[in-house]
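Structure, as structure tokens:
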Amino acid sequence: MHGPVAHHDALAALIVPAHGPTIAAAQKALARTDVSTSIMADILRRDPVIVLEICRSAYSTGLARGDNSNGPSLGEMIGRLGLKHISQLIADLATRDAGLSAESLDLLELHRSECVHLAEIAKKIAIIVEPAEAEACYTLGLFARYGDLLAVIHLRGTYIELVRDNRVRSKLIYKLTKEYEFDPEAMSLRYLRLHGMPEKILSCLDREAQAAGRDSLFRKVTVLSALELKTAGEEEKFAQYGPEKSLPARSNLRMLQISDAQHRRIYEEISAFLGVEVETSSDTPPAALPRTASAALILPTPQTIFIKPVELIDGLMPSSARIKRIEKLRKRAAEMAANRAATIATETQTAHPEHRRSNEILDPVVPVTPLIVQAIRGIRNAESVYGLNRLEIFREATFTICKSIVEASGRYAAPIFFAARAYYPAQFRTESQISIEQATKALTPREVAAIIGISYLLHEIQPRCPENEWRTIYQKMAYEMAVGQLVGKVLVKIGPGYGMLLPALRYLTLGLFNIANPEAYKQYRVALISTGDSFDTAIERELFGVDHRIVMGRLAQELGFGVAIAKAIADDNPHQAPEIGIDILALADRWITSIHRLGSPFADEEVYERLMPSREEAIKLRDRVKEISHHLACPWLAKGRNDIKYDPQKQFNW
Amino acid sequence: MTKILVAEDDVVSQKLMVAMLHSYGEVTAAENGTAALALFQAAWEEELPYDLVCLDLMMPHMGGQEALRLVREFETINEIPPALQAKIIITTALSDQENFVTALKNGSAWYLNKPINRAELQETLAELGFSLRPLPPPR
């Protein structure tokens with residue numbers, strides 16, 4: 001195996017084993033039902049070997065579709081490939097064995113951690129200079145020293161000898177190139193090319209190649225700067241890059257055209273990361289770690305797994321003590337979880353009967369998928385941070401928060417697409433094709449949150465309801481949601497999103513009553529026919545042990561709409577949370593119901609007088625309510641990806 | 001009792017946060033992400049984990065984003081079930097979209113803009129399931 005790698009085939013045949021702990025963590029994460037692509041990306045990004053395999057699959061499928069994008073993030077690639085494919089890929093990688101000695105394996109792990117280390121440096125630089133490029137720079141940084149991994153596999157024992165004799169990296173590279181015709185950088189590029197990495201990506205790693213475009217140029221310069229800083233740290237020349245000094249004449253950092261402030265930040269952050277002693281601009285002395293600082297070693301972060309070659313070869317890695325510690329901690333966590341579950345079970349048994357009943361009724365939909373809660377809560381959080389004063393950023397943040405959900409599933413993308421087209425047709429008059437980004441940004445953020453929440457519940461509840469019962473619930477729900485949307489538009493504090501949400505939650509809760517006790521629900525429906533009401537809380541309490549408003553409030557809270565909204569719904573108290581602008585939520589809910597029942601906004605005088613700014617607006621609202629057709633109410637409800645005629649896959653932004 | 005960890009390098013903000021959170025449980029303060037992370041891990045080792053962690057974004061040595069990521073990574077590696085995972089609130093003067101979205105994606109429960117408004121903090125804590133600790137009985 002030793003000697004120059006003369007043929008492509010020989011290079012391509014080099015098998016680099018994946019990082020064992022990362023594989024184990026990935027397999028455990030994949031075994032969970034609630035694992036998200038972002039969690040998977042966070043786990044898998046610690047190993048360049050796994051990332052290369054993911055890139056290889058993603059680019060091959062991307063190129064086959066004619067995708068010429070600049071390189072999606074790792075999370076997007078995982079999303080595109082699907083967790084099933086990732087699971088298969090991990091299973092394949094777990095079986096990889098290069099037949100290395102213990103020493104070679106230790107060295108391989110060292111180089112692997114250096115790849116991650118380098119990627120982190122590239123990301124840190126990008127965050128300071130061009131944050132949008134941080135993820136791409138991280139991924140490229142992972143591959144910048146991939147050749148070192150190949151050297152371990154190819155030269156085996158010889159490489160260990162070389163590392164022992166040449167502790168300065170530049171000398172090691174010189175020896176490798178001259179005596180073994182193995183230039184790690186060139187070999188890395190060849191290997192990546194043979195493994196299907198597109199030229200556009202490789203141009204960012206190849207010093208000789210011309211970068212393909214402005215983004216690629218930035219990435220290239222960032223990765224080369226990271227390499228330069230890391231090498232300087234290793235060779236104890238980092239002080240040359242101090243902010244008070246002018247950068248070396250041929251430094252890649254010069255090409256980044258950074259300001260003095262950025263230069264200072266890069267210097268301080270990278271020096272802290274590399275553990276280099278430098279003078280900082282801050283007057284704050286470095287914080288002393290508490291007595292338990294050794295606990296930091298539990299984490300396999302780049303900082304903690306990075307050990308200099310000499311120490312590594314002496315056999316410090318991997319630490320069995322660390323593994324034992326992790327095992328102990330896991331055991332304790334499992335014990336604590338069991339104790340907490342037991343406490344919750346006892347509390348549930350002794351809870352108020354209404355609370356217990358609402359738990360039973362919510363059982364089919366709770367706990368809500370964490371991604372949904374994260375998206376809805378995230379939108380509300382964005383509203384509190386940006387509010388309506390910075391609407392553009394608010395809409396942009398809303399899309400970024402929901403991106404993973406709407407791009408991954410037609411269940412959420414299609415309703416958003418149809419809702420945008422139905423409610424804001426003027427925005428798309430000139431567009432022949434609407435991307436999901438345009439659709440999401442056309443809607444108000446509250447509408448997006450409501451649509452995501454409603455679509456989730458709809459898909460959970462509908463299949464469990466008998467068809468005939470569901471049809472009635474669905475018709476009423478769609479009509480009342482359309483009324484709610486109009487009412488929300490008139491009442492600025494509510495907005496069309498929460499206007500739709502209130503009736504939707506009501507009827508979906510009635511759907512849950514139907515699932516929990518079909519017989520009682522039949523009796524309830526018959527009783528309602530005689531009174532002509534949409535609901536009756538007294539009968540509900542008699543038949544189901546709890547009224548729908550309590551369950552509805554809990555449902556809103558479980559979805560991530562917040563305690564204040566939940567209380568406003570459940571308590572029917574119009575002054576529940578005036579500070580967040582939902583003091584009129586319960587009144588609006590009452591108004592929507594009365595408009596649905598009596599067909600006029602004037603019917604419930606008390607509510608009308610408290611809510612309506614002018615009679616003209618009420619008349620307009622009445623006329624628009626009259627225009628709502630039962631068939632066409634809420635045309636986006638229950639839409640799926642197949643309902644869209646053109647193939648949005650052709651547009652990357654779906 | 002609820003255990004709270006506050007990571008904040010600015011002494012005034014740190015004291016303010018401790019004062020505002022004091023009525024919710026036992027509060028420990030750290031002056032940067034590294035110290036907070038070490039305290040977080042040590043608390044787990046002592047079987048008294050933190051229930052709530054408030055992280056400032058811009059701190060020396062290790063910022064809030066990095067600390068957040070490492071806390072979540074620690075919980076993933078050690079298979080800490082979601083019910084036992086700490087709720088993390090990011091407190092910052094920055095309101096740029098990049099930091100906001102990154103924090104949410106990395107698993108923060110809420111993002112609070114400085115100066116911290118007591119009512120907003122209380123509302124957030126209520127949403128995350130924290131309640132004021134009961135007052136001691138009158139003498």
Side-chain angles (χ1 to χ4, degrees), chain A residues 21 25 28-29 34 38-39 42-43 75 127 131-132 134 268 272 280 282 284 286-296 298-301 325-326 328-330 332-334 336-337 340-341 344 370 374 377-378 381-382 384-386 390 393 396-397 400-401 404 557 562-564 577 579-580, chain B residues 9 30-32 34-35 37-47 49 59-63 65-66 69-85 95-113 117 119-120 123-124 126-129:
Chain A
K28 276 176 189 158
D34 60 347
S38 62
I39 289 174
D42 281 344
I43 295 171
I127 286 173
E268 287 178 2
T280 61
S282 161
T284 323
L289 279 179
R291 61 185 169 79
T292 48
S294 61
I298 293 171
L299 279 175
T301 63
R325 224 165 165 175
I326 292 174
K328 207 169 147 191
L329 222 126
R330 279 182 189 167
R332 281 179 192 170
M336 286 173 71
R340 189 167 288 193
I344 292 170
Q374 199 186 5
R377 197 180 266 166
N381 195 175
S384 72
V385 173
Y386 302 113
R390 295 154 80 187
I393 308 180
E396 189 73 43
T400 320
I401 290 163
S404 54
Q557 195 181 342
V563 180
E579 69 279 4
I580 60 164
Chain B
D9 59 322
E31 55 197 18
N32 60 39
T34 319
L37 190 64
L39 283 169
F40 183 84
Q41 293 176 348
W44 261 106
E45 297 230 316
E46 288 162 13
E47 291 185 59
M59 292 184 286
H61 307 292
M62 188 193 285
Q65 293 284 21
E66 184 69 357
R69 199 174 61 75
L70 291 175
V71 163
R72 290 298 181 222
E73 199 171 285
F74 173 85
E75 290 172 333
T76 308
I77 288 170
N78 293 299
E79 295 184 345
I80 293 166
L84 290 183
Q85 289 178 6
S95 61
D96 61 294
Q97 196 200 325
E98 170 81 18
N99 269 314
F100 172 74
V101 173
T102 309
L104 286 193
K105 285 194 168 167
N106 283 343
S108 75
W110 202 262
Y111 191 96
L112 277 177
N113 259 155
N117 172 314
E120 200 184 349
E123 202 176 277
T124 306
E127 171 146 2
L128 299 180

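First the proteins, then the strands, lettered A, B, ... as listed; each starts at 1. FYI, side chains are in, hydrogens and waters are out, and symmetry mates aren't considered; it's all heavy atoms of this structure.
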With a 4.5 Å cut-off on heavy-atom pairs, point out which of [options] contacts chain B the most.
options                      : answer
A/Ser404, A/Ala25, A/Ala382  : A/Ala382
A/Ala134, A/Ala397, A/Ser384 : A/Ala397
A/Val385, A/Val563, A/Asn381 : A/Asn381

Per-residue contact mode, B/Gln97 against chain A (heavy atom under 4.5 angstrom):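 Contact with chain A: backbone and side chain both.
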Contacting moiety of B/Asn106, where chain A heavy atoms sit under 4.5 Å: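 Just its side chain gets close to chain A.
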Once you round to the nearest 0.5 Å, how far does [atom1] of [X] lie from [atom2] of [Y]?
X        : Y        : atom1 : atom2 : answer
B/Gln65  : A/Ile127 : CD    : CD1   : 8.0 Å
A/Ile401 : B/Phe100 : CD1   : CZ    : 4.0 Å
A/Thr400 : B/Leu104 : OG1   : CG    : 10.0 Å

Among B/Asn113, B/Ile80, B/Leu84, residue most engaged with chain A (heavy-atom pairs, under 4.5 Å):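 The residue among B/Asn113, B/Ile80, B/Leu84 with the greatest pair count is B/Leu84.
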Per-residue contact mode, A/Glu396 against chain B (heavy atom under 4.5 angstrom):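 Contact with chain B: backbone and side chain both.
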B/Leu128 vs A/Arg377 side-chain heavy atoms within contact, under 4.5 Å: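 When only atoms from C-beta onward are counted, A/Arg377 and B/Leu128 do touch, with a gap below 4.5 Å.
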Test item: B/Tyr111 side-chain N/O and A/Gly378 main-chain N/O as donor-acceptor pair under 3.5 Å: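 Absent.
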